[in-house]
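Data block below; observations after.
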Number of protein chains: 2
Amino acid sequence: MGVLTKIERRAATKGVALPLDQILMDDCIEAMRALPDASVDMIFADPPYNLQLGGDLFRPEGGRVDAVDNDWDKFDTFAHYDQFTRAWLAEARRILKDSGTIWVIGSYHNIFRVGAAIQDQGYWILNDIVWRKSNPMPNFKGTRFTNAHETLIWAAKSESARYTFNYRAMKTLNDELQMRSDWLFPICSGAERLKRGGHKAHPTQKPEALLYRVLLACTNPGDVILDPFFGTGTTGAVAKRLGRRWIGIERESSYCDVARERIAAALPLDESALKTMQSPTAAPKVAFGVLVETGMLKPGAVLMDAKRRWRATVRADGSLDASGASGSIHKLGATLQGAPSCNGWTFWHYEDAGALKPIDALRQTYLLANEA
Amino acid sequence: MGVLTKIERRAATKGVALPLDQILMDDCIEAMRALPDASVDMIFADPPYNLQLGGDLFRPEGGRVDAVDNDWDKFDTFAHYDQFTRAWLAEARRILKDSGTIWVIGSYHNIFRVGAAIQDQGYWILNDIVWRKSNPMPNFKGTRFTNAHETLIWAAKSESARYTFNYRAMKTLNDELQMRSDWLFPICSGAERLKRGGHKAHPTQKPEALLYRVLLACTNPGDVILDPFFGTGTTGAVAKRLGRRWIGIERESSYCDVARERIAAALPLDESALKTMQSPTAAPKVAFGVLVETGMLKPGAVLMDAKRRWRATVRADGSLDASGASGSIHKLGATLQGAPSCNGWTFWHYEDAGALKPIDALRQTYLLANEA
DNA sequence: CGAGTGTCTGAATCTAAGC
DNA sequence: GGCTTAGATTCAGACACTC
C-alpha cells in the first residue's frame with residue numbers, strides 16, 4: 001500500500017493507448033469493453049439510483065420538487081437493476097489495475113444491491129464511507145427521518161491486492177487525526193451547480209469537495225481515473241485540477257457538452273501545491289548501522305526504552321546486546337517486550353544531557369545532513 | 001402512519017398468546033417458527049456481521065485487540081451467510097404485523113447483503129440510518145479510513161404498509177429540527193458495559209441510547225418488540241424502561257443469564273435518565289483541510305503570520321510548505337517559531353484586499369454556512 | 001479532595017519489501 | 001509464492017492512581 005513507485009506505475013500501463021482526458025459518448029458497458037485489461041488506477045462511479053418515486057412529491061407550500069425522474073434512472077425490477085449493475089461492475093474490474101480501487105456512490109435505493117454485487121465479484125471492500133450532507137432536503141411530509149446522507153463503497157480489486165491509500169495526506173487534511181468514515185460536505189449548490197437555461201444541468205451533480213477527497217486519498221499525480229457515469233464531469237474537473245488523468249463515459253450528449261465546457265475552464269494546480277504529506281515509507285531508508293559507522297552513536301553506547309525498563313549496548317555491527325539477548329534494534333525490542341514486533345527507532349532512546357531522546361531523532365539528523 | 005388506535009392494535013393481536021417479556025433460548029429461526037403470523041409491532045435485529053477477520057491485530061504500543069472471534073460469527077461463504085439471512089428475514093416478515101417495521105444493524109461486512117435480501121423479500125426500505133460512533137476504535141495500521149460508523153436499515157412490511165413513526169417525538173428529541181438519518185452516539189462502555197468475571201459479557205453489546213431512539217421512534221407504549229438476536233438484552237432492557245413489551249431469542253445460555261439479570265434490574269425511565277439518552281451534539285470542529293477541499297482556500301495560496309515574518313504555501317492536502325519545512329498549520333507554526341505548540345488558526349493569516357485576516361475567520365464563515 | 005497522569009479498551013475484514 | 005526482516009502505526013473515554 002501507500003505510494004507505488006513511478007516505475008511500477010509506468011510498467012503497468014506500458015504499451016496501451018488509453019483515451020486520456022476525453023469523454024467517450026457511449027453506453028458505459030460498451031465503452032468499457034473497448035478499454036484494455038488492468039489499465040486504470042481508479043474508478044469512480046455514480047450509477048443510476050433506481051429511484052422509485054411514487055408520483056410527484058409536493059413541498060408544503062405547493063411547489064413541485066424537482067425530483068430525479070429521468071429515463072436513465074428507470075428500472076422495471078430489482079433483477080434488471082442487478083443485471084445492469086453486475087455487468088458494468090465486471091467490466092470495471094477487468095479494466096482496473098491490480099493496485100487500483102473502485103468507488104461507488106449510492107443511496108439506500110441501490111447501494112445494498114451494488115455492495116452485494118461488489119462482494120460477489122471478488123472485489124474486497126475497504127470501507128463504506130458516509131457522505132453527511134450539511135444541508136439535505138427535508139422530509140416534507142414528516143413520514144421518515146430526513147435522508148441526510150449518501151453512502152460510498154471503497155473496494156480493492158481483490159482481498160490480497162496492494163492498493164493506494166495516502167494515509168498521511170488524509171490525516172493532514174483532518175488536522176492530524178485519522179480521517180474517519182463519515183464525511184461532512186454541503187450538497188452541490190450555488191455557483192458550483194451547473195445550470196442550462198435556468199435549470200440545473202444534471203439532477204444529481206456531486207460536490208467537487210467530495211471528489212477532491214476521494215482522488216487525494218487514493219490516487220497520485222499522473223494516475224488515470226475512469227468515471228463510467230460521467231454526467232457533468234465533476235470527476236474530470238477535479239482530476240484535472242489535481243494533476244490526474246481522466247476518462248469519462250457518458251451517454252447523453254447534453255451532459256457531455258456541459259462537462260467538456262466545464263473541464264476546459266478548470267485550472268490545474270501547480271506542482272508544488274500538489275505535494276502532500278508523505279508516509280515515512282516514502283522517505284529514504286537509513287540503516288541503524290550507518291549511525292554507528294558515521295560515529296553518531298559509538299559502539300558500547302547504552303540505549304534504553306522510554307521508561308528505563310530495559311537497557312542494551314550498541315555493538316560495532318549495529319546490533320544491540322542486552323545481557324544475553326541480542327539482535328537488531330527492532331528484534332531485540334520485540335524480544336524484550338515479548339511483543340510480536342517493535343519499531344526500534346521509537347522504542348530505543350539515548351541519553352542526552354540527562355534527557356532520553358529516541359534514536360529516531362538521530363536518524364532525522366542524519367537524513368537532513370545527507371539527503372537535503 | 002403515526003399512532004395506530006388502540007382498537008386497531010388490539011384487533012391485530014386478538015386471540016394469540018405471545019411469550020411476552022421472555023427470552024426464548026433457541027435458534028432464532030426455530031423459535032420464530034413457533035410465533036403466530038402478524039403478531040409483533042417491531043423487530044430489532046443485530047445479526048452476526050460475518051467479519052472474516054484474519055490473525056491477531058496488535059496496537060502500536062503492543063497490546064492485542066480483543067477481537068470478535070466467536071463461532072456464531074463464522075460463515076464459510078457469502079452464499080451461506082445469504083441463506084441464513086434470507087431464512088430469518090422471511091420468518092421475521094411473517095411474524096411482523098402489517099403495520100410493523102423492522103430494524104437491522106450491520107457494518108459493511110454484511111449490511112449490503114442484508115439490505116438486498118430485505119428488498120428482495122418485499123420489505124420496503126424507509127431509511128438507512130448511520131450510527132456515527134463518537135469514540136470508535138482507530139485503524140491502528142493506517143491502512144484505511146477509521147471505521148467510525150455502523151448502518152441500520154429501517155423497513156416496513158411492504159410498500160403500501162401504514163407504519164408507526166412518531167415524527168413529533170423525534171423532532172422534539174432533536175431540538176425541534178427534523179431527526180436526520182445520521183445519529184451520533186458513543187459506543188457502549190463504562191458502567192453500561194456488562195461484565196462477567198472481569199471480561200466483557202458480550203463482544204458486541206449495543207448502547208441503550210441507540211435502542212432508545214429506535215423504540216421511541218417506531219413503537220408506542222404496550223407495543224411488542226421482537227429481538228431475534230437478543231445477546232445481553234439491550235432491546236429488552238430499553239423496552240421495559242419505555243413501557244413496551246418484548247420477546248428475546250438467544251441461543252447461548254450464558255448471554256440469556258446476563259440478559260435476564262439485567263432486565264430484572266431495569267427500572268422505568270424517569271425524566272433525568274431521559275436526558276442521558278440524548279445524543280451528544282456534533283462538535284462544531286472544522287479541519288483546516290476542509291477549507292481547502294471546499295475551495296475557500298486554494299492549494300498554492302500564500303499564508304503568513306501577522307507580522308509577515310514567515311510565509312507558507314497551502315498544499316493540496318491542507319498541509320503548509322515553507323521552503324523545506326512542512327506540516328499542518330499548527331505544526332509548521334510551532335516549528336518556525338521554535339515553540340512547543342502553536343494555534344495555527346490564529347497564527348496564520350491570508351491577505352484580503354491588502355489586509356491580513358486570520359484563517360480563523362474563514363473557519364467561522366464555514367461554520368456559519370454549514371453547521372448553523 | 002482536586003488536578004493531573006497513566007492505563008486500558010472498543011464489531012477490525014489493519015504492512016511492505018526483498019530474497 | 002512463501003519466508004524473513006525492516007519498521008510503521010491510535011482516538012476517545014472511563015477509570016485508577018498519584019501528588
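Just so you know, these numbers use all the heavy atoms, side chains as well, and skip hydrogens, waters and symmetry mates. Below, chain A is the first sequence line, B the second, and so on; all start at residue 1.
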Please report the distance separating the [atom1] of [N] from the corresponding atom of [M], rounded so that it comes out in whole Å.
| N | M | atom1 | answer |
| --- | --- | --- | --- |
| C/dT13 | D/dA12 | C1' | 23 Å |
| C/dT9 | D/dT10 | C1' | 12 Å |
| D/dC15 | C/dA11 | C1' | 23 Å |
| D/dG7 | C/dC14 | P | 23 Å |

*Does D/dT10 fall in syn (glycosidic angle within 90° of 0) or anti?*
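Anti for D/dT10; the angle lies over 90° from 0.
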
Please check if the distance between the ring centroids of [X] and [Y] is under 6.0 Å.
| X | Y | value |
| --- | --- | --- |
| B/Trp88 | B/Phe229 | yes |
| B/Trp183 | B/Trp131 | no |
| A/Trp124 | A/Tyr163 | no |

*Test B/Thr234 against every option in B/Glu192, B/Arg262, B/Glu208 by the side chain to side chain donor-acceptor pair (under 3.5 Å) rule and name the one that passes.*
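Among B/Glu192, B/Arg262, B/Glu208, the one that satisfies the side chain to side chain donor-acceptor pair (under 3.5 Å) with B/Thr234 is B/Arg262.
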
Does [X] reach the side chain of [Y], with side-chain heavy atoms less than 4.5 Å apart?
| X | Y | result |
| --- | --- | --- |
| A/Ile153 | A/Ile118 | yes |
| B/Phe78 | B/Gln52 | yes |
| B/Arg64 | B/Arg59 | no |

What does [X] touch in the nucleic acid at a heavy-atom separation under 4.0 angstrom: a base, only the sugar-phosphate, or nothing?
| X | value |
| --- | --- |
| B/Phe58 | nothing |
| A/Arg363 | sugar-phosphate |
| B/Asn147 | sugar-phosphate |
| A/Leu126 | nothing |
| A/Ala287 | nothing |
| B/Thr146 | nothing |

When the distance from [atom1] of [X] to [atom2] of [N] is rounded to whole Å, what number comes out?
| X | N | atom1 | atom2 | answer |
| --- | --- | --- | --- | --- |
| B/His149 | C/dA12 | NE2 | P | 13 Å |
| B/Phe75 | C/dT13 | CZ | P | 18 Å |
| B/Gln52 | C/dC14 | CD | P | 10 Å |

*Residue closer to the 5' end of DNA chain D, A/Lys331 versus A/Glu176 (nearest nucleotide)*: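 Mapping each residue to its closest nucleotide by heavy atoms, the 5'-most match is A/Lys331.
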
*asked:* Can you work out whether A/Leu177 or A/Gly344 has the more 5'-proximal nearest nucleotide on DNA chain D?
replied: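 The residue whose closest nucleotide sits nearer the 5' end is A/Gly344.
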
*Does A/Thr276 offer a backbone N or O that forms a donor-acceptor pair with the side chain of B/Ser319 under 3.5 Å?*
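Not a single qualifying donor-acceptor pair exists.
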
_Salt-bridge present (B/Asp69, B/Lys74; N to O < 4.0 Å)_ =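 The answer is no: the pair does not qualify as a salt bridge.
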
*Charged N to carboxylate O under 4.0 angstrom, A/Glu176 versus A/Lys171?*
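Judged by the 4.0 Å cut-off on N to carboxylate O distance, A/Glu176 and A/Lys171 do not form a salt bridge.
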
*Boundaries of the chain A footprint along DNA chain D (any atom under 4.0 Å from a heavy atom)*: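 The contacted stretch runs from D/dT5 to D/dA12.
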
_Check: B/Thr235/B/Asp227 side-chain N/O donor and acceptor closer than 3.5 Å_ =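 Yes, B/Asp227 and B/Thr235 have a side-chain donor paired with an acceptor closer than 3.5 Å.
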
*Can you find a donor-acceptor pair, distance only, under 3.5 Å between A/Arg162 side chain and C/dT15 base?*
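No pair found.
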
Protein-nucleotides 9-11 of chain C N/O pairs closer than 3.5 Å?
from, atom 1, to, atom 2, distance (Å)
C/dG10, OP2, B/Lys200, NZ, 2.8
C/dG10, O5', B/Lys200, NZ, 3.3
C/dG10, N7, B/Arg59, NH1, 3.4
C/dG10, N7, B/Arg59, NH2, 2.8
C/dG10, O6, B/Arg59, NH1, 2.4
C/dG10, N2, B/Asn135, O, 3.2
C/dG10, N2, B/Pro136, O, 3.0
C/dA11, OP2, B/Arg193, NH1, 2.6
C/dA11, OP2, B/Arg193, NH2, 3.2
C/dA11, OP2, B/Pro203, O, 3.2
C/dA11, N7, B/Lys206, NZ, 3.2
C/dA11, N6, B/Pro47, O, 3.1
C/dA11, N1, B/Tyr49, N, 3.1

*Could you point out which residue of B/Leu194, B/Asp46, B/Val258 forms a side-chain contact (heavy atoms from CB on, under 4.5 Å) with B/Gln205?*
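Answer after filtering B/Leu194, B/Asp46, B/Val258: B/Leu194.
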
_Base-pairing string, 5' to 3', of DNA chain D - Watson-Crick or wobble, under 3.5 Å, | interstrand_ = .|||||....|||||||||

